[in-house]
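Since the structure comes first, as structure tokens, the remarks are kept for the end.
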Amino acid sequence: MEKDSYGTTLKTIICLVAAIFVQTTLAQLLPRTIGTGLGYVDWLLLVTVYVSLQREPVRAMITGVFAGVLHDFFSGMNAMGVSGLGYLISAYLTYSIVSIIVVDNLLVRVLVVAASSVANTSIRLLFYRLLGIDLPVLAGGGSIASTIVFSLIANLGASILLYLILDRLFSKNAGLRLRRSEARRGDSRRRRLW
Amino acid sequence: MGWRYFTVIRPIVSLIERAKRNPTWLLGILLAAHLLLISFNKAPGKPDLWIFQASFLAITSPIQSVLSHSAAWVKNGRSNYFSLRDSRMENENLRQERTRFETQMLDLREKVKQLELSKSQTDWQSTSSYRAIQARVVGRDANKLFSTVVIDKGSNDGIQKNMPVIASGGLVGRVIITSPFSSRVMLLTDERHGAGAVIAQTAENRLLGIVKGKDNFVCELKFIAPPDKVDNGEQVMTSGQDGIYPKGLLIGRIRKPDNVTSVTPSVVEVDPSAPIGSLEIVSVILIPTDQLRKAITELAEEEKKLEPAKPAKSTKSARSAN
């Protein structure tokens with residue numbers, strides 16, 4: 001079990017590194033039409049959400065923090081902590097949703113990715129605005145809303161493909177984690193009753 | 001299981017286990033850590049300040065401002081208190097000084113007034129052949145029926161009974177009682193007072209009469225022979241025939257009745273020239289009464305010699321002339 005945990009942690013790290021690599025290079029390698037669309041995809045967020053779907057809150061939040069650190073590090077340290085905050089809240093939001101909805105299916109995944117995407121983009125734009133960072137997307141409500149929507153669509157589209165790959169990578173532990181989550185919920189219910 | 005387990009690994013494991021049981025707790029810590037990290041970004045509009053510094057400044061500056069204002073208020077209050085106290089003392093000193101100056105001013109005015117009065121007396125003395133002594137009015141009669149004043153010069157200063165008393169404007173009255181250091185003067189407005197008077201209209205036409213006192217600081221002139229016409233404002237002077245007052249002292253002026261330019265009565269009112277109501281300094285003419293009465297006395301003695309059978313009558317008539 002401990003060995004399995006280390007393996008999952010390693011896989012998570014690899015996924016995060018791969019995600020940041022894709023996020024920083026893919027948009028430039030692909031043609032402009034496709035690259036512009038893929039530029040809205042937040043691969044680190046998708047990895048964080050996927051880890052959060054495993055119903056391991058500590059791992060999910062640590063993953064979010066680590067993803068944020070990577071994002072800040074590779075984005076010129078313009079707004080330290082903002083990405084991490086967005087990923088952290090997205091991770092917790094995902095965990096909160098999947099701890100309520102025990103079923104793990106495509107609809108739930110779409111729901112959590114959509115919620116996480118909106119939350120992450122909104123938090124980032126909000127903090128960029130508060131920090132006075134001059135970005136074209138912050139010019140007005142229309143551009144902010146379009147950014148949120150484009151990010152949502154792009155993340156949802158990318159998540160379908162990415163989660164198929166990640167499912168194969170993390171498949172061994174998925175059932176076990178689901179059972180653990182159910183057991184934890186039952187335990188907390190009993191505590192509340194007592 | 002070395003010391004590292006107990007000092008490093010065990011707390012971390014304990015933390016993770018606790019976070020697993022209550023993820024919200026971990027979320028709170030991580031959120032706080034992120035907000036702290038965000039606070040180290042540069043503050044918007046202030047490139048030389050971190051958000052942490054700017055926030056710290058934003059939080060502490062009002063407190064500092066309040067403290068600073070409070071300190072300034074206390075300091076100013078203390079300063080104002082002492083200033084107020086000094087101002088109060090200064091105000092008190094100024095008031096005292098003002099009172100002193102007012103007193104000095106009143107004193108100076110008084111001296112000026114006295115000097116003016118003295119000057120007028122001296123002027124009169126310089127034009128008169130009689131010697132006079134100045135005296136200050138120190139008291140007035142409490143009884144309204146009598147018009148007398150007390151002066152601060154008496155027999156020690158050479159003042160005798162019946163000596164005429166004058167002021168800057170004219171005749172005041174005569175001495176009726178003397179003591180070594182003071183004298184009582186009967187004013188010419190006293191109803192008991194009488195003086196021989198003359199209206200010098202022309203050198204040929206001189207109207208004789210007797211001026212007697214009346215109430216309200218007014219005298220009346222009773223003519224011996226009523227004239228045809230008396231003009232208002234004509235001067236009334238002593239005639240020198242009463243044996244008390246020397247000739248030529250100004251008594252007053254004929255009072256001008258309203259809407260009447262001339263009157264022809266046997267008795268007219270006379271306004272005293274001297275300020276009877278506000279006498280302060282007077283002059284007593286040191287003229288011996290015997291000198292004025294010398295002729296009358298000699299005449300009386302001659303009459304007494306010629307008419308030895310009626311000595312009492314002639315003496316009575318001489319007295320009545322007084």
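First the proteins, then the strands, lettered A, B, ... as listed; each starts at 1.
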Checking side-chain contact (heavy atoms from CB on, under 4.5 Å) between A:Leu162 and each of A:Leu166, A:Ile160, A:Leu164, which is the one that passes?
A:Leu166
Salt bridge or not between B:Arg255 and B:Asp271? Use side-chain N to carboxylate O under 4.0 Å.
yes
Test: salt bridge (charged side-chain N to carboxylate O under 4.0 Å, His left out). Region: residues 142-151 of chain A. Which pairs qualify, not counting sequence neighbours?
none
Test of understanding: with side-chain contact (heavy atoms from CB on, under 4.5 Å), list the residues that count as partners of B:Ser79, not counting sequence neighbours.
B:Ser83
Residues two or more places apart in sequence or in another chain: which of them pass side-chain hydrogen bond (donor to acceptor under 3.5 Å, both in side chains) with A:Ser96?
none
Quick test of your reading of the model: are B:Glu102 and B:Arg98 salt-bridged, counting only N-O distances below 4.0 Å?
yes
Toward chain B: residues of residues 81-93 of chain A with heavy atoms under 4.5 Å
A:Gly81, A:Val82, A:Gly84, A:Leu85, A:Leu88, A:Ile89, A:Tyr92
